[in-house]
Amino acid sequence: MSTSRICSNCSESSFTRDDVTGNLMCCSCGLLQEFDQFDAQIGGINGPQGTFVHVGTTGTGTFYTYKQRKLFTAQNSIEELTYTLGLTSKNVEIKTMISAITEGEFGQGKWFQILIGACAYVVMRKDDRPLPMAEVASAVGCDLYELGKMIMRVVDFLGLKRPDFPEFDIVHSFERTLKNSQCFAAVESSTLDRMRKQGIFLIQCAVKWFLSTGRRPIPLVVAILVLVAELNKVDVLMEDLAKEVHAVVSTCRTRYRELLEKLVEVAQVLPWGKDITTKNVIKNAPIVIQYMEKKSMLKPCEKRKNLDQPGFDLADVVSDCLRQDDAYKYGTVGETSQKDSQYFLLDNNSERPDIQNVDRLQISPECLSMMYDKFLNEVRCVKSSETSEKAQEWESLRLDLEDCREWWSGKSELSKKLLLKQLLEKDVGLDTMPPSFVAGQLKCKTRRERIKAAKARIKRIMHPLDAGLDDTSNHNSLDETCHGRKRKKRRGTVAGDVDWEDLIIETLILHKVKEKEIEKGYYNTLLDLHVFNSGII
């Protein structure tokens with residue numbers, strides 16, 4: 001048959017129907033024609049109906065609402081974040097907490113990711129196995145302070161208080177870091193267990209020394225890990241370890257330096273303690289830690305009375321001497337003092353004067369010299385007994401210097417986790433104040449010197465005739481309160497080494513601001529309250 005189509009091979013228009021495929025075949029060349037039975041699905045109202053694809057559908061007859069899709073996405077986000085943090089077992093608790101906070105609505109977006117991280121942190125904190133906030137913030141991909149604000153909102157909403165929301169457990173954080181860190185993956189299990197006990201001991205000593213008070217705990221954990229690694233000859237870099245736990249390297253170095261300084265202070269009890277510094281304390285650290293461990297295992301004993309007082313009262317000494325029955329009787333003093341015996345020397349049957357009338361007695365110089373010599377002999381006896389007791393204590397704490405390999409025994413209770421009350425009762429050879437408190441006191445002392453110097457300058461200007469010559473030396477005493485460091489010269493200093501802080505203090509003094517308020521150092525607040533809002537130009 002002939003059609004209007006032509007063969008694509010020979011351009012003939014003569015075709016026949018193939019019995020097998022049903023397609024047209026050219027009568028001249030025998031080529032089967034393509035798209036012979038193509039039927040375009042077009043038509044009007046009566047044409048065939050296709051399948052229309054809508055948003056939220058998967059095939060014909062399936063449709064998800066917005067809430068269903070939001071819940072599905074939220075559950076996937078929770079599972080992904082808990083898997084990243086290694087909290088797959090806490091997945092249900094985290095979902096329950098988020099559902100209670102959002103009233104079952106959940107959510108989506110960046111704020112919901114931060115909420116998941118905050119709830120994960122709170123759940124682990126409730127179980128007394130807290131996660132570092134920096135690790136959670138890194139997994140969520142948000143700022144640390146943003147995560148902290150969300151955690152505070154979650155805690156306030158749930159009304160969590162102690163003991164349901166305990167303090168951050170730095171000992172657990174140390175054990176978790178030591179177990180999961182890749183820096184210690186190749187270390188033997190026996191060495192890791194030894195490092196764990198040593199680290200717990202040092203961390204609890206650091207807590208007793210207030211090195212963790214008001215500070216982020218993770219840098220201190222890094223410092224302890226680096227120290228115990230050096231003691232056990234394990235090569236580890238502080239930079240690599242700090243990167244794993246998302247800590248600032250400079251802060252870790254500061255904590256490490258503070259820890260070494262405390263060990264140097266403890267080492268002063270050793271015979272060669274004066275030669276130990278922060279540079280060589282690592283070589284002496286095994287002996288120092290052995291001393292701390294044995295010191296912590298000693299049972300507290302009652303202190304002797306009146307031995308802690310460095311001075312004495314001469315009136316009490318004389319009164320004690322007058323109370324004795326067998327001393328200072330007639331004939332016990334030389335001939336030179338017999339003429340004075342009528343005022344002081346007593347007979348066996350004579351009544352002893354009242355202790356309140358001691359000042360009325362007239363005592364000869366010879367008798368007073370004898371009493372003083374006897375008192376000195378008693379003091380020497382007390383000192384010798386005290387020295388012998390210290391020698392006995394040192395003998396009980398004697399260190400085995402011949403075998404330094406076995407310097408760690410691990411028998412102290414500080415090698416295990418203790419409560420804060422139990423920890424503070426232990427003696428590790430050093431009792432100190434918080435570093436922040438000491439620094440604050442030094443700053444207040446420096447500001448007091450500045451205030452004193454500023455008042456002297458004001459007095460010298462306003463009353464030049466009354467100002468003394470010693471006022472010029474008041475400001476030079478500021479350098480003595482800065483740990484021996486020289487004051488850094490700032491831009492804008494004037495004659496007499498007066499900088500911007502001195503000028504601000506002078507301004508506040510002239511505006512009648514109290515010295516106690518100036519010592520706190522809140523200069524901007526004081527200027528706003530007393531200078532700019534006072535109406536005085």
Side-chain angles (χ1 to χ4, degrees), residues 50-177 179-180 214 216-218 221 244-247 417:
T51 301
F52 296 94
V53 180
H54 300 276
V55 177
T57 60
T58 56
T60 307
T62 305
F63 182 78
Y64 291 108
T65 62
Y66 169 76
K67 183 176 181 180
Q68 291 174 339
R69 285 185 283 109
K70 182 178 66 174
L71 295 177
F72 179 77
T73 306
Q75 291 179 0
N76 288 339
S77 301
I78 294 173
E79 292 176 357
E80 290 177 1
L81 186 57
T82 53
Y83 178 79
T84 303
L85 296 174
L87 305 178
T88 308
S89 59
K90 300 294 182 180
N91 196 359
V92 178
E93 296 183 24
I94 296 174
K95 287 182 180 179
T96 305
M97 182 176 292
I98 295 175
S99 178
I101 294 173
T102 60
E103 297 180 355
E105 295 293 334
F106 290 87
Q108 56 186 357
K110 184 178 180 180
W111 72 269
F112 186 71
Q113 297 290 332
I114 301 175
L115 177 61
I116 298 173
C119 292
Y121 178 84
V122 171
V123 167
M124 297 303 295
R125 183 79 171 265
K126 289 175 62 179
D127 292 345
D128 204 9
R129 295 185 298 168
L131 291 173
M133 289 182 58
E135 181 179 350
V136 179
S138 177
V140 174
C142 67
D143 187 63
L144 185 62
Y145 298 97
E146 191 175 6
L147 177 63
K149 292 179 181 179
M150 184 64 75
I151 292 175
M152 292 301 298
R153 294 178 64 182
V154 171
V155 172
D156 294 340
F157 180 84
L158 298 177
L160 297 177
K161 297 180 181 180
R162 298 180 183 176
D164 295 334
F165 194 69
E167 295 289 340
F168 188 89
D169 190 358
I170 190 173
V171 176
H172 174 265
S173 180
F174 170 81
E175 294 177 342
R176 182 175 180 272
T177 305
K179 180 180 179 181
N180 299 333
R216 297 182 180 178
I218 301 303
V221 171
E244 284 189 6
V245 297
H246 309 282
K417 181 181 175 181

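The figures here come from the full heavy-atom set of this structure, side chains too, leaving out hydrogens, waters and symmetry mates.
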Test side chain to side chain contact (heavy atoms under 4.5 Å, CB included) applied to V245 and V221, step by step: CA-CA 10 Å; V245 297; V221 171; over 6 Å; no
Could you give the distance from CG (L131) to NE2 (H172), rounded to the nearest 0.5 Å?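 Reported to 0.5 Å precision, the distance equals 8.0 Å.
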Under a 4.0 Å threshold between the charged nitrogen and the carboxylate oxygen, would E79 count as salt-bridged to K95?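 Salt bridge present between K95 and E79.
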Got a second to check how far L85's CG is from E80's CD, nearest 0.5 Å?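 That separation rounds to 12.0 Å.
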Which atom pair, heavy atoms only, marks the closest approach of L144 to A134?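 Closest approach of L144 to A134: CD1-N, 3.7 Å.
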Any side-chain hydrogen bond (donor to acceptor under 3.5 Å, both in side chains) pairs touching residues 117-127, not counting sequence neighbours?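 Pairs touching residues 117-127 that pass the test: K90-D127, Y121-R125.
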Starting at CG of N76, measure out to CG of L81 and round the result to the nearest 0.5 Å.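 One gets 12.5 Å once the value is rounded to the nearest 0.5 Å.
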So, for V122 and F165, which heavy atoms are closest and what is the spacing to 0.1 Å?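 In this case the closest contact between V122 and F165 is CG1-CE1, 4.1 Å.
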Looking only at heavy atoms, what is the nearest atom pair of I98 and T102, with distance?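 Heavy atoms of I98 and T102 come nearest at O-OG1, 2.7 Å.
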What is the minimum heavy-atom distance between F168 and P217, and which atoms define it?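 Heavy-atom minimum between the residues: CE2-CG, 3.4 Å.
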Measure across F106 and I78 and return the closest heavy-atom pair with its distance rounded to 0.1 Å.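 Closest approach of F106 to I78, heavy atoms only: CE2-CD1, 4.0 Å.
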So how far is it from E93 CD to T82 OG1, rounded to the nearest 0.5 Å?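 OG1 of T82 is found 12.0 Å from CD of E93.
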Roughly how far, to the nearest 0.5 Å, is OG1 of T96 from CD1 of I101?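 Nearest 0.5 Å value for the CD1-OG1 distance: 11.0 Å.
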Name the atoms and distances for all side-chain donor-acceptor pairs under 3.5 Å in residues 109-117, with sequence neighbours left out.
{"residue": "W111", "atom": "NE1", "partner": "Q108", "partner atom": "O", "Å": "3.1"}
{"residue": "Q113", "atom": "NE2", "partner": "S77", "partner atom": "OG", "Å": "3.3"}

Of the non-hydrogen atoms in E105 and L71, which two are nearest, and what is the gap between them?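 Heavy-atom minimum between the residues: O-CD2, 4.2 Å.
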Under the salt bridge (charged side-chain N to carboxylate O under 4.0 Å, His left out) definition, can you give me all pairs with a residue in residues 132-141, not counting sequence neighbours?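 Passing the test, one end in residues 132-141: E135-R176.
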